Amino acid sequence: MPAVTTPGRSRAGAAPPGTATGPVSGASGARRRLRREHLLFLALVGPNFLLIAVFSYWPVIYDAYLSLTDWDMIAPVKNLVGLGNYADLFTGLGFADVLLVTLYFTVGVVGGGMVFGLGIAMLLNQRLRGRRFVRTMVFAPHVLSGAAVGLAWAFIFDPNYGLSRVFFAAVGAQSPAWLTDSDWALPAVIIVYLWKNTGFAAIVYLAGLQNLPREVYESAALDGSGPWTTFRRFTLPLLSPVTFFLVITSTISSFQAFDVIALTTGGGPAGATTTLSWFVYESGFQSFQAGPAGAGAIVMFAVIVAITFAQARYLERKVHYQ
């Protein structure tokens, strides 16, 4: 007797040609979902990436191009000179002084900010009356405008009318010419940036101190560890992630310092406070030499990347994550 088949079905009970099977349909559905997720990702990330590319990556690329040119920022034609601007930088005596000033400034601001910030954080971590108000006052300078800070400290450092004159007169001394003496100008700028940025380091350290495990200190107390031993053997290692974060961010910030220098010393006297950032500004917008300014900016970018990479490689091995 011949087999009876129903319309639309094959003899073996399989779906006729052209009909999607279960696994194939599931795979195509997964691909469609994946495409939708990719499109959603591009729709959300695309505008942000475009802004970053336009305002971050493109300026670096264009600056690298300008560093290879001889251009006064007015002429319609830019003359390519290759690596001549870099050769002039590193063979000239002035740029070596700029790098040395930048090194002193960075060490003073970063190192001093870390030490004073940790000390202030340790004090604010105590149960003191009015400590919330003190925390606000400590952090307030960090949010002030650099222009306002520069103007205020320019008055404080004035040897004839400033507040520093009052303090020196109280001990029978004469106030130095902070902003016009080449021996005092760089320490004066470092003091201003320490006053402005130490509060940030203190608050970040304070947050780290308040999240340290109490049982560690209880065990240290039971073992008879003194305050200095407890600080050295327990507090500092446990705060290493905070220190790592602050060293990286403070170093980058110190290389970008500009506003206070512009309003207090203007890079002087005699280049005593000319850091890399001020050198770039001075070359580009005062001397109108786009080539040396671009070369200086690329050198600063390379130095920041190298220092950040070295710090990350070295300090990461010293960091103790809980």
Side-chain angles (χ1 to χ4, degrees), residues 31-69 71-78 80 85-86 102 105-106 109-110 113 139-150 193 196-197 199-201 203-204 207 241-242 244-263 275-313 315-316:
R31 285 195 295 270
R32 284 196 297 271
R33 286 194 299 271
L34 188 60
R35 281 197 297 269
R36 285 198 298 268
E37 290 177 358
H38 286 169
L39 291 175
L40 178 62
F41 172 78
L42 291 176
L44 296 175
V45 175
N48 296 315
F49 180 77
L50 181 62
L51 291 174
I52 293 174
V54 171
F55 293 103
S56 295
Y57 298 150
W58 170 245
V60 174
I61 296 173
Y62 189 67
D63 182 76
Y65 163 70
L66 288 180
S67 69
L68 305 176
T69 66
W71 184 44
D72 61 1
M73 303 178 69
I74 299 175
V77 179
K78 305 177 182 67
L80 288 175
N85 290 318
Y86 294 95
T102 305
F105 175 79
T106 301
V109 171
V110 176
F139 187 72
H142 182 69
V143 299
L144 293 178
S145 166
V149 171
Y193 275 101
K196 187 177 188 302
N197 297 328
F200 175 76
I203 294 301
V204 175
V242 179
F244 176 67
F245 167 77
L246 286 174
V247 168
I248 297 294
T249 56
S250 300
T251 301
I252 295 175
S253 176
S254 68
F255 272 89
Q256 298 172 341
F258 174 82
D259 44 9
V260 172
I261 295 176
L263 289 166
T275 60
L276 264 174
S277 58
W278 184 260
F279 171 82
V280 172
Y281 166 78
E282 191 175 39
S283 299
F285 297 99
Q286 291 186 358
S287 301
F288 298 102
Q289 297 177 350
I298 293 299
V299 170
M300 182 169 65
F301 175 76
V303 170
I304 292 175
V305 171
I307 291 178
T308 303
F309 178 77
Q311 288 175 337
R313 290 293 301 272
L315 293 178
E316 263 192 340

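A quick note: this is a predicted structure, and the numbers were derived from the prediction, not measured.
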- Note on the structure: Those residues at least two apart in sequence (or on a different chain) that pass side chain to side chain contact (heavy atoms under 4.5 Å, CB included) with Ala297 are Asp63, Val280
- Message: Which label fits Phe200 and Phe245: parallel for a plane angle under 30°, tilted from 30 to 60°, or perpendicular past 60°?
- Response: tilted
- Message: Checking Ser283 now: which residues fulfil side chain to side chain donor-acceptor pair (under 3.5 Å) with it, not counting sequence neighbours?
- Response: none
- Answer yes or no: are there more than 12 heavy-atom neighbours, outside Phe139 itself, under 6.0 Å from its atom CZ? yes
- Message: Between His142 and Asn197, is the side-chain contact (heavy atoms from CB on, under 4.5 Å) condition met? List the steps.
- Response: CA-CA 5 Å; His142 182 69; Asn197 297 328; 3.7 Å; yes
- How many angstroms lie between CZ in Arg31 and CZ in Arg33, if you round to the nearest 0.5 Å? 11.0 Å
- What residues form a side chain to side chain contact (heavy atoms under 4.5 Å, CB included) with Gln256, not counting sequence neighbours? Ile252
- For Thr275, check side chain to side chain contact (heavy atoms under 4.5 Å, CB included) against everything at least two apart and list the hits. Val101, Thr102, Phe105, Ile261, Ser277, Trp278
- Message: By the definition side chain to side chain contact (heavy atoms under 4.5 Å, CB included), identify the one residue from Ile298, Val303, Ile304 that meets it with Met300.
- Response: Ile304
- In Å and rounded to the nearest 0.5 Å, what is the CG to CH2 distance from Leu80 to Trp71? 12.5 Å
- Message: List the residues meeting side chain to side chain contact (heavy atoms under 4.5 Å, CB included) with Asp259, not counting sequence neighbours, and say none if there are none.
- Response: Tyr193
- Query: Listed by chain and number, what are the side chain to side chain donor-acceptor pair (under 3.5 Å) partners of Tyr86, not counting sequence neighbours?
  - Reply: Ser67
- Message: Could you measure the distance from the OH atom of Tyr57 to the CZ atom of Phe49? Nearest 0.5 Å is fine.
- Response: 6.5 Å
- Message: Can you tell me how far apart CD (Glu37) and CG (Leu39) are? Round to the nearest 0.5 Å.
- Response: 10.5 Å
- Item | Non-hydrogen atoms of Pro59 and Val54 that approach each other most closely | CD-O, 3.3 Å
- Task: With rounding to the nearest 0.5 Å, note down the distance linking CZ in Phe55 to CG in Leu50.
- Result: 8.5 Å
- On a heavy-atom basis, the closest approach of Val247 and Gln311 is CG1-NE2, 3.4 Å
- When you measure from the side chain of Ser254 to the backbone N and O of Thr251, does any donor-acceptor pair fall under 3.5 Å? yes
